[in-house]
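Data first, discussion second: the structure below is written as structure tokens.
Start at 1 and go down the list; that is how both ligands and their atoms are numbered.
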Amino acid sequence: MAVPILDNHVHLEPVRGRHVDSVREFERAGGTHIIISHMPYHEAVVRIADDFRRSYDVTISLKDRVNNETGVKAFATVGPYPAELLDLEKIHGQDEAKEIMLRAMDIAAEYVKDGKALAIGEVGRPHFPVSRDIWHASNDILQHGMRLAKEVGCAIVLHTESATPESMKELAEMADRAGLARNKVVKHYCPPFVLPEENHGLMPSVLAGKDATKAALAKGSRFLMETDFLDDPRRPGAVLAIATVPKRTLALMKQGLMTEEQAHKIHLDNPRETYGPAFS
Ligand SMILES: [Zn+2]
């Protein structure tokens, strides 16, 4: 039986990128499942809360196209991308911008409830230094997202500053305050934080570079693999290629560095633990 292979975090570009063709490349390399993360699109600029619907619909339609046109099983996550708070602030000022982001989180939860999206994501805080006000507003918006995830019974995928065991602990405690189980929180773009004292119960989605994957496997198999693929043909090599997760998984298996059991855990059991039975 073929081993399941999930890329837990990719982006597809509806106009400038190769979208479905990119996923075909993933499929040819052995990939079976993919999670397409929402991001802001040039084609669907957001100015008011309701604009997020049009923007999320781009991600949902890309997911539907992949499911219709390839053999890969695709899922989508939707949510207000953290840096959008800064763009909205320029138009509306801080209070109104925060309101719009909170409402965008509500709409994301609605998309999950309606079965259009698998989880809320990627959401959180900007990965670059921001003012104290933006930091606090981002945390409030994230806390709201975690409460919604708890309510809907779904997972939430975090985009934050570079992870440290301390920041993972802080985020885990935010989940506790929302009543959201820690294993429903995915830290995207995560270093190989596989040990409980490194991830504090959050699900690490490890960037699938060779060294990071080997470092993760040396500590255990409770992690996900991702490329954070950007689907931007003008910037080849800027991020990991879309075939990386299947190629890396199959190469490690061939070298005896990943057992079939570990592959099943990483690519099927772990995503099921986090995303629930909707992931299949
Ligand atoms: Zn991303």
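No option in Leu148, Asp140, Leu142, Ile141 other than Leu148 meets the side-chain contact (heavy atoms from CB on, under 4.5 Å) test with His144.
Within Asp228, the N, O or S atom at minimum distance from the Zn ion (ligand 1) carries the name OD1. No other N/O/S atom of Glu122 lies as close to the Zn ion (ligand 1) as OE2 does. Its N, O or S atom nearest to the Zn ion (ligand 1) is what matters here, and for His9 that atom is NE2.
Between Met101 and Tyr81, the shortest heavy-atom distance links the atoms CE-O, 3.6 Å.
Counting heavy atoms from C-beta outward, Arg18 and Asp231 have side chains that approach closer than 4.5 Å.
Within a 6.0 Å sphere centred on CZ of Arg47, other residues, nucleotides and ligands contribute 12 heavy atoms or fewer.
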